[in-house]
Every structure is written in C-alpha cells, then in structure tokens.
Amino acid sequence: MTQRMSKILKMVLKNYMEPNVLMKQGQLVLVPASMKHVIPLAETLSSENKLELDLFDRAPTEFLIEHVKKDSVYVVEKNNIPLCITGVEPDGKQTGFMWAMFAEDMKKNWFSFLKASPDLVNFLHNDYYKLNMNVLECHESILNWAIWLGFEPEAVIKGQNIDYVHFVRCNLLKKNVYNLTSRPVIH
C-alpha cells in the first residue's frame, strides 16, 4: 500500500470512528449537542451557572432539553464526558447571541479549554458578523475569558438582583452588508 493510500485510509477510518467530532484540541472534542448530554450536564453544572438559572427560575434539565433541540448548539467533551454546552442564537441581521454553560469539571480542564477557545469562538462566529454575549458581573474568570477572546465590554446591564456585562465581538473577515456607515457613497 502506498503512503498516500495509507494516509487516505487513516482519514476515512478517523471520520468513521468519530463521525460527530467537529473540532478536536488535545483530549477535548466539540460535538453537536444531543439529549444524551442533558442529564450528565444537569447533574454536574457549575455553581455559577446554577445561580444564573436560579435567577430566571429555570431548572437545569428544562433549560438543557430546550437548548439541545436547537441548531448551532454544541458540547465540549473530554473522554465522552460533557464539560460545556455552548451555542449561538440569531439576534438580528448578521448578529448572534453566544452563550455557554459549564460543568464543575471544566475547572480541572480550564487551561486545555482556553487553548481550544479561539478556534471554538471562530467556529461559532463563522455565520455572523457580530456576536453578543452577556456575562454575570460576578463571574470574573468568564469576564476575563471573553476579553481574552476579543469580546469588548460595551455596557453593564442592571438587573433586579444582579448585573451583567454586555460584550460584543465583530468578525472583521465577514462582510456586514447591513452596516450603513460602511456602504459606498454614490455621488
């Protein structure tokens, strides 16, 4: 067997063995979210995310079931154990709203996740010119993560019980045909 055929065979086998893997970074993989992720994530959701769901009187299982059924929702796994669920929901023309919820075990894998995060955000940002994201003001590590990924804090949203920081990230490689100030001027 030639070296080229061997390489092709390895690629075919890899795709056959990992059909749902969209991205891979070390031991972390990104896969489409499914119902199999709901219970493991609901049982291991971080205390920060539980607090956030409590603010909106939402049960983790209810929230996760609702979101795994949507398009553009993904799970970061390590050894088939879900560590994060994330997605982007349309939020206007060429604008998406990015969100993420983490399992407690993500703290043990934080540096691996940080290394993979730029590729993850670029993947999520691919279909939108602008991404919005709201982060609880008390979640310092997530605020720092958002800034490190190129999100810019735009405003603080005052809530009844807690405040959010509103972030914006623009995809400069994607054309924004709806941005009136960037349209050509005809004289």
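What you see is a predicted model, and the numbers here were worked out from it, not measured in a lab. Excluded from the calculations below are hydrogen atoms, water molecules and symmetry mates; all remaining heavy atoms, backbone and side chain alike, are included.
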task = Check whether the side chains of S46 and N49 place a donor and an acceptor atom closer than 3.5 Å, and report yes or no.
result = yes

Where [X] and [Y] come nearest, the two heavy atoms and their spacing:
| X | Y | value |
| --- | --- | --- |
| G96 | V88 | CA-CG1, 3.7 Å |
| I65 | K69 | O-CG, 3.4 Å |
| A103 | P82 | CB-O, 3.8 Å |
| M106 | C84 | CE-CB, 3.6 Å |

query = Considering residues, nucleotides and ligands other than K107, do more than 12 of their heavy atoms fall under 6.0 Å from its NZ?
reply = yes

request  = Determine whether more than 12 heavy atoms belonging to other residues, nucleotides or ligands lie under 6.0 Å from atom NZ of K70.
outcome  = yes

Verify same cluster id: [X], [Y] (apolar side-chain graph, 4.5 Å):
| X | Y | value |
| --- | --- | --- |
| I81 | M35 | no |
| V168 | V156 | no |
| L55 | F97 | no |
| F56 | V165 | no |

[atom1] of [X] to [atom2] of [Y]: how many Å apart, nearest 0.5 Å?
| X | Y | atom1 | atom2 | result |
| --- | --- | --- | --- | --- |
| E137 | Y164 | CD | OH | 11.5 Å |
| D105 | L41 | CG | CG | 10.5 Å |
| M101 | L64 | CE | CG | 7.0 Å |
| W99 | M133 | CH2 | CE | 13.0 Å |
| N109 | K78 | CG | NZ | 4.0 Å |
| E52 | L45 | CD | CG | 9.5 Å |

Do [X] and [Y] make a side-chain contact, defined as non-hydrogen atoms from C-beta onward lying under 4.5 Å apart?
| X | Y | value |
| --- | --- | --- |
| M98 | T86 | yes |
| E77 | V31 | yes |
| P32 | L22 | yes |
| I85 | H37 | no |
| D91 | Y128 | no |

query = Is the side chain of Q25 donor-acceptor paired with the backbone N or O of S112 at a distance under 3.5 Å, no angle test?
reply = no

ask   = Is a side-chain donor or acceptor of H67 paired with a backbone partner of F63 at a separation under 3.5 angstrom?
value = yes

request  = Among T44, V75, L28, find the residue that satisfies the side-chain contact (heavy atoms from CB on, under 4.5 Å) test when tested with L83.
outcome  = L28

Donor-acceptor pairs under 3.5 angstrom involving side-chain atoms of residues 141-153: please list them, not counting sequence neighbours.
| from | atom 1 | to | atom 2 | distance (Å) |
| --- | --- | --- | --- | --- |
| N144 | ND2 | E140 | O | 3.3 |
| W145 | NE1 | S117 | OG | 2.9 |

request  = Decide if the gap between the ring center of F123 and the ring center of Y74 is smaller than 6.0 angstrom.
outcome  = yes

